[in-house]
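Reviewing the structure listed below.
One-based numbering along the sequence shown. The analysis underlying the following values was restricted to heavy atoms, covering all of them including side chains, and did not include hydrogens, waters or symmetry mates.
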Amino acid sequence: MTDIKEAQRTIPFPHGGIVVLVGPSNSGKTTLLGRLAAEGVLLETEIVSSDAYRIMVGDVEFLDWKGRPREEADIIYHDYQQLSNLAFEAMNTVVSMRSRLGRLTVVDATHLQPEYRRKYIDLAAACDVPCVAWVLDIPEQTLLARDKDREQPRGRARVKSQYSQFKRSMRGLREEGFDFVYMLKEPEAVQFVRRENPLLADIGAGIDVIGDIHGCYDEMLELLGELGYAADESGLYRHPEGRTLVSVGDVMSRGPKSLDTISFWKRHCDAGIARMTDSNHGWKIARYLSGRNVTLSHGDEKFAEELGRYAQKNGIDAAAALKEELRQFLLAAPSHLVMCRDGVRRLVVTHAGIRDEYIGRQSRRIQDFCRYGDTDGTDRTGAPVRREWYTGHESGELIVWGHDPRPYPEVVNNTINIDQGAVFGGSLTAYRYPEQQFVSVKAQRDYALDPDSPLIRWERGRLSPPNLSRLVNGYSVFTDAYGELSVRGDYVKAAIDSVSHFTVPLEELVYIPPTMSPTPAVSADEAYLEHPQEAFDYFRSQGVTTMVAEKKHMGSRAVLLLFRDEQAAVSYVGRPTLGTIYTRTGRAFFDRETELQVLARLNADLVQADYFNKYNTELLLLDAEIIPWNLKARELIATQYAHVAEAAELDREQLLHKLQQAEAAGRDVSGWVQEMEAKLHNARVFREAFQQYCWDVSGLDGVRIAPFHTLAHSGQSFFDHSHVWHMEHAGLLAGISPLFMETEYRVISSQADEADVIRWWEDITEDGHEGIVIKPDRFISRNGKHMIQPAIKVRGRKYLHIIYGIDYLQPDNLKRLKQRKTGKKERHALMECALSVESVNRFIRREPLDRVHECVLAALALESDPVDPRL
């Protein structure tokens with residue numbers, strides 16, 4: 001509690017919280033508030049008055065029992081007490097609601113008794129807002145004189161009683177727990193000002209939030225260079241666009257140059273070009289500099305050692321001055337920062353975390369939470385047990401935090417952890433906003449030399465099962481290709497159920513092949529639903545100059561993760577194996593016995609060709625199609641296609657025969673005959689269409705694997721390679737093993753190439769093949785900042801009988817089908833592609849299973865979001 005005397009002449013309002021007026025009747029409380037409202041310093045809605053609430057509740061401000069007979073006075077006094085109690089109950093409800101919203105509320109009542117004031121102190125503490133007392137200390141004679149002029153005088157006895165009670169109450173008021181107490185003897189001479197919320201700042205030209213530095217000064221300067229900052233003549237680092245640096249705290253301790261680092265941030269914060277939040281190490285050092293009896297550990301002792309060397313070099317006085325400057329700087333650091341645009345909260349920066357209800361407020365409880373996070377004691381090693389506060393974040397702001405080192409930036413539920421353990425040999429990370437980009441530099445070495453550092457613990461637990469509690473209600477994934485992606489909780493639950501019961505083990509589930517969309521526009525040709533020309537037009541409109549068309553195999557999509565040998569798999573999936581083969585929904589593709597045969601054959605062929613040594617890799621990850629179709633779709637073919645085809649053909653043959661008999665008998669049914677001939681032809685085309693993709697296999701004979709993406713080797717993914725490279729590499733694999741087969745393709749860079757591909761497409765689809773896939777030259781292509789479709793499938797007329805039905809080419813049916821909407825399918829294709837790329841890159845970098853799994857689970861969750869399955 002701070003007691004501020006009236007001689008200062010200026011009194012600030014808190015930006016939010018409760019101001020309690022204290023003073024007997026006639027001390028001028030209502031008059032003062034009326035003046036402030038008239039001057040625009042206070043809003044009328046910010047003032048609550050006990051008198052006003054008595055009128056609101058009971059229609060009268062005051063009940064006068066003076067001069068009444070005793071039996072009447074007692075009744076009137078009882079009624080007045082009841083009215084006052086209800087008025088205060090209603091008023092305090094409003095004060096509570098406003099405090100929960102962080103609004104400023106000024107309470108106009110006498111508040112002569114400590115228990116009445118205590119209610120507001122407790123209420124403010126519960127809502128984490130300040131509680132301030134304005135004490136109007138007016139002479140008794142002035143109070144008595146003013147009472148005579150009131151419309152409803154309280155009476156001399158009551159005024160004197162209140163004044164006596166007021167004086168007694170003042171003796172302990174300073175110890176009651178108010179954040180500030182202002183004594184007002186002449187309130188009309190005081191200037192009142194509004195204080196802005198110091199936690200709020202404008203995003204301006206952009207901000208760059210830097211994670212825990214811990215004295216890694218050289219890495220910090222390197223990172224600033226990567227971000228585009230440069231030193232001016234005075235040594236201040238400025239960005240040419242006027243961006244602002246923001247630190248999540250813990251700029252000192254553990255590392256080699258704590259004094260240089262904290263001095264840097266003090267200078268830049270003093271210059272108004274940087275901001276820094278409070279932190280656990282910052283708070284501990286501040287108390288140490290204040291002379292408190294604190295135990296310096298966990299690297300804080302290195303800061304004290306640097307101060308000692310500074311004193312030896314510059315003298316005791318200089319060291320004392322530096323200590324005081326740094327002490328004040330650290331104590332002034334806010335618990336968190338709220339970055340706004342157009343008055344709307346967009347980004348919150350804090351050290352260890354924050355609850356939604358704390359955002360924009362400051363209190364001891366909030367300060368502690370932001371320093372240490374949500375902790376629940378310590379484990380057997382003495383390390384804090386941290387609860388995942390971010391699972392409850394729902395208010396919409398993006399929260400950027402540090403404190404808890406992770407190997408890579410972690411995006412969960414619209415929160416981002418950017419402490420990548422620079423002092424432990426990890427990286428120093430910055431998050432650029434609004435660009436939503438990460439920039440990192442690798443630490444020069446492990447400065448902390450902690451054998452049980454957070455990064456080491458993370459590596460030990462790399463294959464630990466993911467924590468589903470942070471995912472089950474929906475979450476966000478940050479991808480390099482697409483940015484941040486959010487998946488809804490109900491779809492996540494469906495995906496978790498699938499993963500729990502049906503898929504291959506999580507550590508082997510590293511990539512979910514993304515879906516593909518058909519052309520955004522249907523064919524302009526009345527005879528076609530899909531045609532290559534619309535795909536060409538789409539990519540040309542997106543600025544693509546070179547495309548690749550690949551023949552589409554009518555098989556089943558599969559992912560092959562193949563290892564050099566069984567031991568090579570241990571560091572990747574935690575157990576010895578030659579690999580795994582699974583479907584695009586994560587289920588085992590073959591029965592176990594067949595899978596072992598396929599893996600053994602492929603491994604023998606790759607080893608014999610010296611593939612793993614030639615490419616210096618321990619693994620090969622492939623996205624492929626396995627044919628024939630009936631390997632996985634035997635039941636579907638039998639129940640949905642073969643039975644339908646047989647029944648339709650038989651039924652239509654019988655109807656046609658009857659119609660032909662009627663025509664021979666002279667009936668005019670020629671139109672019906674022609675219609676039924678066409679429908680019988682459709683039924684036969686339908687039967688031929690699916691039979692084309694089915695053949696009997698014996699063992700591995702007849703099984704073929706058509707890779708079209710070589711996704712990764714150990715330490716390297718190939719998403720930056722052209723699709724021509726992927727096709728050529730597939731050809732190389734086909735030369736290594738008879739199980740592999742090449743995929744026919746064409747390169748398109750001119751109108752002549754387009755015409756050639758259209759002729760090729762017409763020939764193969766009329767011959768019964770499924771169709772082609774048209775892709776931009778690069779796996780990830782953009783039009784400006786926007787990612788464009790990674791692939792568009794163009795299916796043939798015959799094949800589409802399988803998808804849209806036997807008679808889909810009937811004019812009325814085709815007209816209706818051309819109204820189809822592909823927007824949702826296109827969005828899913830983009831997001832699943834980005835997630836798939838991200839999951840492979842994380843797997844190749846050997847990131848924790850939790851990081852890979854969140855991408856895979858998100859892709860499976862998107863598959864749970866219903867889209868027309870025919871697209």
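A heavy-atom distance below 4.5 Å is found between the side chains of Ile359 and Ser395. Proximity of Asp605 to Phe740: side-chain heavy atoms (C-beta onward) are nowhere separated by under 4.5 Å. Side-chain contact between Val510 and Leu711: absent, with no pair of heavy atoms (C-beta onward) separated by less than 4.5 Å. Within the 4.5 Å cutoff, the side chain of Val209 has heavy atoms near those of the Ile207 side chain. In this structure, Phe708 and Val773 have side chains that are not in contact, with every pair of non-hydrogen atoms separated by 4.5 Å or more. Residues Tyr482 and Leu835 are not in side-chain contact: their nearest non-hydrogen atoms beyond the backbone lie 4.5 Å or more apart. Looking at Ser737 and Leu606, their side chains never come closer than 4.5 Å, going by heavy atoms from C-beta outward. Taking 4.5 Å as the limit, some side-chain heavy atom of Leu732 sits within range of a side-chain heavy atom of Tyr611.
Annotation for Val559 and Pro513: closest pair CG2-CG, 3.5 Å, computed over non-hydrogen atoms. In terms of heavy-atom proximity, Asn616 sits nearest to Ser714 at O-OG, 4.1 Å. Shortest non-hydrogen contact noted between Leu485 and Ala834 is CD1-CB, 4.4 Å. Across all non-hydrogen atoms, the minimal contact from Trp401 to Ala352 is CE3-O, 3.6 Å. For Pro405 against Trp458, the heavy-atom pair with the smallest separation is O-NE1, 3.2 Å. Minimum interatomic distance between Ser517 and Gln789 (heavy atoms only, all atoms of both residues): CB-OE1, 4.0 Å.
Here His726 and Tyr745 keep their ring centres 6.0 angstrom or further from each other. Taking the centre of each ring, Trp389 and Phe369 stay at or above the 6.0 Å mark.
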Requested in this report: Might you work through the side chain to side chain contact (heavy atoms under 4.5 Å, CB included) test for Gln608 and Ile736, ending with a clear yes or no?
Outcome: CA-CA 9 Å; Gln608 183 177 357; Ile736 289 176; over 6 Å; no
Query - Worked check of side chain to side chain contact (heavy atoms under 4.5 Å, CB included) between Leu862 and Arg827 - result: CA-CA 10 Å; Leu862 287 173; Arg827 289 194 300 276; over 6 Å; no
Requested in this report: Decide yes or no on side chain to side chain contact (heavy atoms under 4.5 Å, CB included) for His723 and Phe779, but give the supporting numbers first.
Outcome: CA-CA 7 Å; His723 283 295; Phe779 202 98; 3.8 Å; yes
**Report entry** Derivation of the side chain to side chain contact (heavy atoms under 4.5 Å, CB included) call for Tyr433 and Val246
**Finding:** CA-CA 11 Å; Tyr433 189 87; Val246 179; over 6 Å; no
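Considering Glu770, Glu550, Met516 in turn, Met516 is the only one that fulfils the side chain to side chain contact (heavy atoms under 4.5 Å, CB included) rule with Lys793. If you run ring pair (Phe, Tyr, Trp, His ring centres under 6.0 Å) between His214 and each of His298, His403, His281, only His281 comes through. For the side-chain hydrogen bond (donor to acceptor under 3.5 Å, both in side chains) criterion with Thr515, the lone passing option out of Glu832, Lys825, Glu826 is Lys825.
Taken to the nearest 0.5 Å, the OH atom of Tyr511 stands 13.5 Å off from the CD atom of Glu838. One finds the CD atom of Glu507 at 10.5 Å from the OG1 atom of Thr577 (value rounded to the nearest 0.5 Å). Annotation: the span from His553 atom NE2 to Ile705 atom CD1 amounts to 12.0 Å, rounded to 0.5 Å. Within the model, atoms CG of Asp480 and CZ of Phe719 stand 11.5 Å from one another, a figure rounded to the nearest 0.5 Å. To the nearest 0.5 Å, atoms CD1 (Ile844) and OG1 (Thr617) are separated by 7.5 Å. With values rounded to the nearest 0.5 angstrom, Ser440 atom OG is found 11.0 Å from Glu222 atom CD.
Proximity of a side-chain donor or acceptor of His336 to a complementary backbone N or O of Val349 within less than 3.5 Å is not detected. Of the possible polar contacts, one joining the Glu595 side chain to the Ile581 backbone as a donor-acceptor pair under 3.5 Å is found. With hydrogens and angles ignored, the 3.5 Å screen pairs no side-chain donor or acceptor of Lys493 with any backbone N or O of Asn473. Side chain of Arg457 to main chain of Asp452: a donor-acceptor pair is present (N/O by atom type, distance under 3.5 Å, no hydrogens or angles). Within the 3.5 Å criterion, the main-chain N or O of Asp250 finds no donor-acceptor partner in the side chain of Asp212. Using modelled atom types, no side-chain atom of Asn414 and backbone atom of Ile399 make a donor-acceptor pair closer than 3.5 Å. Panel note: side chain Thr583, backbone Thr585; a donor-acceptor pair is recorded below 3.5 Å. With hydrogens and angles ignored, the 3.5 Å screen pairs no side-chain donor or acceptor of Asn280 with any backbone N or O of Tyr372. Judged by distance alone, with hydrogens and angles left aside, the side-chain atoms of Glu219 form a donor-acceptor pair with the main-chain N or O of Gln444 at under 3.5 Å. Arg782 places no side-chain N or O within donor-acceptor distance of the main-chain N or O of Ile780, the cut-off being under 3.5 Å.
Between Phe718 and His721, the two ring planes are perpendicular [angle over 60°; tilted spans 30° to 60°]. Ring orientation note: the planes of Tyr431 and Phe438 are tilted relative to one another, at an angle of 30° to 60°.
Figure legend: Arg851 and Tyr408 shown without cation-pi pairing, the cationic atom not lying both under 6.0 angstrom from the six-membered ring centre and within 45 degrees of its axis.
Each side-chain hydrogen bond (donor to acceptor under 3.5 Å, both in side chains) pair with one or both residues in residues 563-573, not counting sequence neighbours, appears once here: Arg564-Asn613, Ser571-Arg846, Tyr572-Arg846.
A donor-acceptor pair shorter than 3.5 Å cannot be found between the side chains of Asn417 and Glu410.
Salt bridge annotation for Arg575-Glu508: present, with a cationic side-chain nitrogen under 4.0 angstrom from a carboxylate oxygen.
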